[in-house]
Engineer: 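First, the structure itself, so that you have it in front of you.
Order of the sequence lines fixes the chain letters, A, B, ..., with proteins taken first and strands second; residue numbering starts at 1 for each chain.
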2 protein chains.
Amino acid sequence: MAPNSKNKTHHHGDLRNALIAAGLDILKHKGLAALTLRACATSANVSHAAPAHHFQGLPGLQAAIAARGFQELTDHMRRELDSAGDDPHLRLSGICEGYLEFANQNPAMFQLMFSSTFDFQLDSDLLARSAEAYGVLSDTCAPFEIPGTGKEGGTEMLIWSLVHGFANLKLSDCLGPKDAPATRVAFADFLPRLQLRADRKDA
Amino acid sequence: MAPNSKNKTHHHGDLRNALIAAGLDILKHKGLAALTLRACATSANVSHAAPAHHFQGLPGLQAAIAARGFQELTDHMRRELDSAGDDPHLRLSGICEGYLEFANQNPAMFQLMFSSTFDFQLDSDLLARSAEAYGVLSDTCAPFEIPGTGKEGGTEMLIWSLVHGFANLKLSDCLGPKDAPATRVAFADFLPRLQLRADRKDA
DNA sequence: GCAACAACTTGACAGTGTCAAATTATAAGG
DNA sequence: CCTTATAATTTGACACTGTCAAGTTGTTGC
C-alpha cells in the first residue's frame, strides 16, 4: 500500500506534476502544436478528462508549464551571472546571452511563454516565476539606470525589448532565406551601441 | 449571366480574395483563435471544404492573410516616412512609430505574422511582402550603417529587434499588473540611447 | 463500518482540419 | 448545338481537439 508503488489505483499520487512533466516533454520533442490536454493525459497514463481536475482547461495547463519555463529562464540568466564577476557590463551581456541561449534551446517553450493564450493574472505561480525572471533582469540593469528622471525601468525595458525582439526574430523564419545578411548579425554587436550610463566613464 | 451578379452558382468568381477578406475581418474582430478555415468559408457563403482548393490547408490561408499584414505594415511605415522629411533621425523614429502603431491597432494580425505556424518560403507573395517591409526598414537605417566593418545589416537588426521586442512585450500581458512601472516606459525614450552614426556629429 | 468527499473514468457533444467521392458550372471541340 | 473535359464547389466522412455531465472508485473522517 505504499503510495508510490505501482498499484493501478485511481489516485495517481502526484498527477498534477506528472501532467506538467509530460507537457514539458511533449513541448520539447514535438512542438507547441502537439501540446494538448489529451496528449498529456495519455502520456501520464490517465484518461483524457483527468487534467480538468488539476487545471482549468488547456490555458491552465499551458500557464503551469510556462511557469516552469520562466523558472528555467531565470536559472539560465543566474548561471551566467555567477560566472560574470562584478563588472556591470559583463553581467548585463551575461543575462542577455542566457536569455538568447534559453530561447534557442527551447524554442517551443519560448513561443508558449509569450503566446498570450493564457492569462498571467490567473496563475499566481506563473506570476511569481515571471516576476522572478524580471527581477534578475531589473537588478542587472540597475547600475545603468538614469536616476531622478522619472524614467525608472527604462533601461530594463530597453534591454528586454532588444533581447526579446532578437530572440523572436531569430525563431521566426521571417528574416528571409537562410544565410541572408540579417541572419549573420550577432547580438554581441548590439550592446556596445547602447548608451548606457557607465559608458561615459569608460569613454 | 453577369459574372458578378448574385446567381447562386458554384463558381464564386473570386473566392480566393473573398476568403482572405473574410479572414481579415475575423482576425480583426474575433482574434487569432477564431481564424479557422470553416469560419472563413461560412463567412464567404461557401461550403466548409471550399478553401482547400485555393490554399493548401490552414497554414496556406494564414500565410496569404499575413502577406496582407506585411503590406499594411509597409504602408504604415511609408506614411510616416512621407511626413518625416529628410532628417535621418526623424525618419528612423517615424518608421518605429509606424511599426508600433500597426502592432497596437492590429494585435491579432501582428501575432499571426510572427507566429511561425506557416512557412515563409512556401508562399512567394508573403515572401515578397515581408521583404518589402524589410526593405523600408533597411533603407531608413542605411544612413546609420557602419561601413567597411563587415557588419552590414547590424543597424537594421538592432532597430528591428528593439521595436519588435517592445511591440511583443506590450502585447503580451507578462509585464506584470497593468500600470506596473514597466508599462509606463515609452519607446521614444529608447532611440536617444542608441549610439547611431549621426549622433557623433550632433554631440 | 459508514458516510462524505475527492480523484478519476466513461461517454457524449460541438468544434476543428483534411481527405475522397460526387455534383455542378464553365470552357473547349467537333 | 451538342458533347466532352476540366475546374470549382459540395457532400460526407474521419480523426482529432477541448469540455461538460454523470458514473465509479479510492481515500478520509467520524
Engineer: Measure from the side-chain heavy atoms of B/H53 and tell me the nearest of D/dG18, D/dT10, D/dT11.
Structural biologist: D/dT10
Engineer: Can you tell me how far C1' of C/dG15 sits from CG of B/L58, to the nearest Å?
Structural biologist: 14 Å
Engineer: Measure the CG-NE2 distance between A/L100 and A/H76 for me, rounded to the nearest 0.5 Å.
Structural biologist: 11.5 Å
Engineer: May I ask you to say what B/H54 touches in the nucleic acid, namely base, sugar-phosphate or nothing, with a heavy-atom cut-off under 4.0 Å?
Structural biologist: sugar-phosphate
Engineer: If you compare every side-chain N and O of B/T36 against the phosphate oxygens of C/dT16 (OP1, OP2), does one of them come in below 4.0 Å?
Structural biologist: yes
Engineer: How is B/A49 classified with respect to the nucleic acid when contacts are heavy atoms under 4.0 Å: base, sugar-phosphate, or nothing?
Structural biologist: base
Engineer: Within the 3.5 Å criterion, strictly below it, is a donor on A/Y134 or A/W160 matched to an acceptor on the partner's side chain?
Structural biologist: no
Engineer: Measure the acute angle between the ring planes of B/F110 and B/H164, then classify it against the limits of 30° and 60° as parallel, tilted or perpendicular.
Structural biologist: tilted
Engineer: Take atom CG of A/L35 and atom P of D/dG18, then tell me their distance rounded to the nearest Å.
Structural biologist: 9 Å
Engineer: Just compare D/dG12, D/dG18, C/dG11 and give me whichever is closest to any side-chain atom of A/L37.
Structural biologist: D/dG18
Engineer: Donor-acceptor check, side chain of A/S138 to backbone of A/G135, threshold 3.5 angstrom: yes or no?
Structural biologist: no
Engineer: Starting at atom CZ of B/F55, determine the distance to atom C1' of C/dT18, rounded to an integer number of angstrom.
Structural biologist: 16 Å
Engineer: Return yes if the base of C/dG17 and the side-chain atoms of B/R38 contain a donor-acceptor N/O pair under 3.5 Å, otherwise no.
Structural biologist: yes
Engineer: Do B/Q62 and B/T117 pair up side chain to side chain, a donor and an acceptor below 3.5 Å, judged on atom types alone?
Structural biologist: yes
Engineer: Nearest whole Å is fine: how far is C/dT9 P from A/L19 CG?
Structural biologist: 10 Å
Engineer: Taking for each residue the nucleotide of DNA chain C with the nearest heavy atom, is it A/S47 or B/A39 whose nucleotide lies nearer the 5' end?
Structural biologist: A/S47
Engineer: Whole angstroms only, please: what is the CG-C1' distance between B/D14 and D/dT9?
Structural biologist: 15 Å
Engineer: Going by modelled atom types, is there a donor-acceptor pair between the base of C/dG15 and the side chain of B/H48 at under 3.5 Å?
Structural biologist: no
Engineer: Please determine, for the side chain of A/P59, which listed nucleotide (D/dT10, D/dT19, C/dT18) has the closest atom?
Structural biologist: D/dT19
Engineer: Would you kindly give the CG-to-C1' distance between A/L15 and D/dG26, to the nearest whole Å?
Structural biologist: 14 Å
